[in-house]
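Here's the structure we're looking at; comments come further down.
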Amino acid sequence: MDVTEIIDPLNEAQREAVTAPHRPTLVLAGAGSGKTRVLVHRIAWLIRVDGVAPQQLFAVTFTNKAAAEMRQRIEALLGFPTRHFWIGTFHGLAHRLLRIHWREARLAEGFQIMDSADQLRMVRRLLRDLQLDENEWDPKEIQWFINAQKDEGLRPERVDDDGNAGRRQMIDLYARYEKACAESSVVDFAELLLRALELLRENSELLAQYRERFRHLLVDEFQDTNAIQYDWLKLLAGSTGIPFVVGDDDQSIYRWRGARVENLFSFQKHFPATEVVRLEQNYRSTSTILKAANEIISHNSSRLGKNLWTEGESGELIKLYAAFNERDEADFVINRITDFINQGNARSDVAVLYRSNAQSRVFEETLLAAAIPYRVYGGLRFFERAEIKDALAYLRLIANRDDDPSFERVVNTPTRGIGARTMDAVRECARETGTSLWRAAGSIIANDVLPKRSSKALWAFLSLLDRLDTETREMPLHDQVREVTRASGLIAHHGRDGQLAGEAKVENLEELVSAAQGVIQDEESDLPPLAEFLSYAVLESGDAQADDYEDSVQLMTLHSAKGLEFPLVFLSGLEDGLFPHQRSITDAKGLEEERRLCYVGLTRAQQQIYLTYAEQRRLYGKDNYGTPSRFIREIPDELMEEVRPAMSVSRPVYRRSRPVQMEASPVKLGQRVRHGKFGDGVVLNSEGSGAHARVQVNFENGGTKWLVLAYANLELM
DNA sequence: CATACAGACATAAAC
DNA sequence: TGTCTGTATG
């Protein structure tokens with residue numbers, strides 16, 4: 001067996017991880033240390049050397065992009081297709097399980113998935129039905145609440161109201177929301193995970209079957225897992241499964257989205273025989289950049305601890321530019337970019353990073369003025385565009401008539417004389433009889449309670465859908481999609497307006513037809529092509545500007561930069577209040593996450609990084625006078641040089657001042673402590689105060705533990 | 001029923 | 001400040 005291909009390109013630590021014995025393995029992989037490579041080679045090793053069958057693998061990532069890249073690299077290494085491998089996102093794999101076992105999961109066969117926008121509409125409708133004021137009950141907040149509970153694995157019955165009336169109302173809304181979802185046979189993203197978890201938890205035979213099958217559970221970006229995702233892993237692993245997780249606590253930047261770095265800390269405790277491998281050699285950045293990154297992140301306390309190093313050169317110093325205002329900042333950045341391009345470099349080798357999306361505007365305007373092509377990450381994606389969602393709503397209704405959110409969306413799009421009064425009557429009827437809008441509409445027509453004209457319009461809509469269903473059922477998917485966009489009147493509707501925008505919408509609808517052509521059938525879940533396409537549209541809605549192949553400068557938030565790398569990086573808006581963001585600045589955990597974000601930003605750069613801040617910044621129409629970010633101060637002077645435009649009056653170089661200490665908790669994160677029984681360790685986390693204060697300690701001789709401060713008798717060192 | 005206008009809203013975002 | 005959403009209006 002030729003294993004050189006798998007082993008040769010690896011360094012010692014990577015090799016140790018890839019060839020690790022079949023027991024729980026935790027790979028702590030620093031930025032640019034070859035994390036994906038390790039996962040890919042591990043899978044190849046398991047198959048080629050250890051004789052593991054592909055169907056015994058269960059490999060999870062967070063994005064479709066990461067899953068696709070993993071697939072592609074495995075195929076390149078193994079030389080055969082991985083179509084039937086269980087490699088995908090948590091949501092994608094959960095969905096696959098639910099499609100196979102929809103009956104056991106108590107779902108309708110044709111259940112549909114709602115995206116966050118659909119979910120918000122659903123919440124709004126619920127509030128309207130209950131006649132609750134949207135100003136008092138913020139739909140977004142309710143949506144957030146519901147998702148947060150689901151992310152923690154909590155059904156309404158199990159959420160504690162803390163004796164708080166407002167909270168009780170939220171819980172009630174959550175319960176009603178669940179009921180509405182069930183009546184419409186729709187599930188939201190969090191529901192996919194929770195339902196799949198419950199499916200396995202409540203069906204011991206199924207669980208046994210899958211435990212037997214999936215022996216090797218591989219998880220990418222483990223620091224980003226939330227409570228249910230970790231529960232999933234633990235449940236599926238049982239005592240026989242072999243988890244192999246890769247993560248970096250220093251790159252955990254999604255706490256606000258439910259991610260728990262703690263999962264990384266408690267992994268060893270849950271899987272006692274865990275082998276830990278640290279990947280600390282970096283292949284991406286110059287040593288100057290790495291030193292700065294290491295230095296910054298060392299100001300964080302709750303860390304497992306890692307130190308990146310490189311065999312590479314020290315490279316250029318980090319450049320710091322103090323701009324007068326945000327326009328000056330953009331001018332400076334774009335001038336540097338112009339120089340870089342004029343030296344013969346590709347535009348796509350440059351990234352401009354910022355903390356919040358609002359900052360992109362000035363850069364866009366300046367790039368536009370300089371006629372430099374650019375690409376902004378984020379924004380509306382193809383399957384999220386209004387006209388596409390309209391078309392999908394028709395298709396969803398064909399697949400599942402009870403899909404209320406879709407019904408609401410298109411009953412009167414394009415307009416067909418079904419107004420607010422008619423819909424009020426339909427909703428009222430649906431609520432009273434506890435059925436879907438579709439059924440309610442049918443019975444309202446039958447009972448003849450509406451004015452003739454309204455009744456006729458409603459009937460026309462119902463029969464349009466029935467007709468579309470029967471007439472297109474036997475067609476190939478893309479023909480069905482084409483026919484639906486035409487017969488629904490959507491094409492005519494957008495084509496009619498004669499505007500450029502309308503033309504683009506028609507083109508998008510045509511694009512949807514081609515997208516339908518490319519759908520690949522999942523053999524195991526055996527979905528009809530339409531259902532396959534619809535779930536693909538929600539779960540894999542793709543990039544915002546997928547069609548942009550022109551060589552262009554990359555503009556994105558720090559969050560979307562994670563996982564990417566560029567020879568030249570600009571880290572902009574380094575002002576206290578902007579980065580770190582105002583809303584995280586007063587909270588120790590929030591601030592540490594901001595610092596990790598800064599660490600992520602720095603480690604994106606391969607050769608050169610510029611840090612910029614503005615002394616004055618106009619944001620949302622208001623002028624702000626910021627102080628330079630504290631993160632700048634945390635970089636040693638000798639790694640940085642201040643640059644100023646040739647013409648400007650010289651000013652004193654920005655001086656470091658004492659960092660401000662802010663910490664309410666009795667024991668500081670990062671504090672070294674000694675315990676009578678467990679020995680020495682480092683405080684990773686803390687919660688509560690006074691008699692209830694607890695701290696999480698990472699002990700040197702194995703494992704992390706939560707201890708009640710009042711009893712633990714910890715000795716501070 | 002399309003258009004105009006007022007008002008809300010702006011941390012980050014994958015599925 | 002600019003954009004998006006919902007509603008008032010002709």
| nucleotides 5-14 of chain B: protein proximity per nucleotide (B base, S sugar-phosphate only, - neither; heavy atom, under 4.0 Å) | -----BBBBB
| task | Sort out for me which residue in A/Asp390, A/Leu509, A/Asn508 forms a side-chain contact (heavy atoms from CB on, under 4.5 Å) with A/Arg385. | result | A/Asn508
| query | Which pair of non-hydrogen atoms, one from A/Asp151 and one from A/Ala190, has the smallest distance, and what is that distance? | reply | OD1-CB, 3.9 Å
| query | Over how many whole Å does the gap from A/Glu326 atom CD to C/dT1 atom P extend? | reply | 12 Å
| query | Are A/His101 and A/Tyr210 near enough that their ring centres are under 6.0 Å apart? | reply | yes
| query | Under 3.5 Å, is there a donor-acceptor pair between the side chain of A/Arg73 and the main chain of A/Ala68? | reply | no
| Which whole number of Å gives the distance between the P atom of B/dA12 and that of C/dT3? | 16 Å
| note | B/S/- along nucleotides 5-10 of chain C (protein heavy atoms under 4.0 Å) is ------
| said: My understanding is that a pair needs two contacts under 3.5 Å, Watson-Crick or G-U wobble. By that rule, which nucleotide pairs with B/dT11? | reply: none
| note | Between A/Asp220 and A/Ala66 the two heavy atoms that sit nearest each other are OD2-CB, 4.4 Å
| Aromatic ring centroids of A/Tyr254 and A/His559 under 6.0 Å? | yes
| For A/Ile418 and B/dC1, what is the distance between atoms CD1 and C1' respectively, to the nearest whole Å? | 14 Å
| said: Regarding A/Gly419, tell me which of base, sugar-phosphate or nothing describes its non-hydrogen contacts under 4.0 Å with the strands shown. | reply: nothing
| note | What one should report as the nearest heavy-atom pair of A/Ala108 and A/Trp102 is C-CE3, 3.9 Å
| query | Side chain of A/Asn325, backbone of A/Arg327: donor and acceptor closer than 3.5 Å? | reply | yes
| query | Is the A/Phe222-A/Tyr230 ring centre distance short of 6.0 angstrom? | reply | yes
| task | Can you tell me the distance, in whole Å, between the CD atom of A/Gln359 and the P atom of C/dG2? | result | 16 Å
| query | Rounded to whole angstrom units, what separation is found between the NE2 atom of A/His493 and the P atom of B/dC1? | reply | 12 Å
| query | Considering every strand shown, what is the Watson-Crick or G-U wobble mate of B/dT3 when both distances are under 3.5 Å? | reply | C/dA8
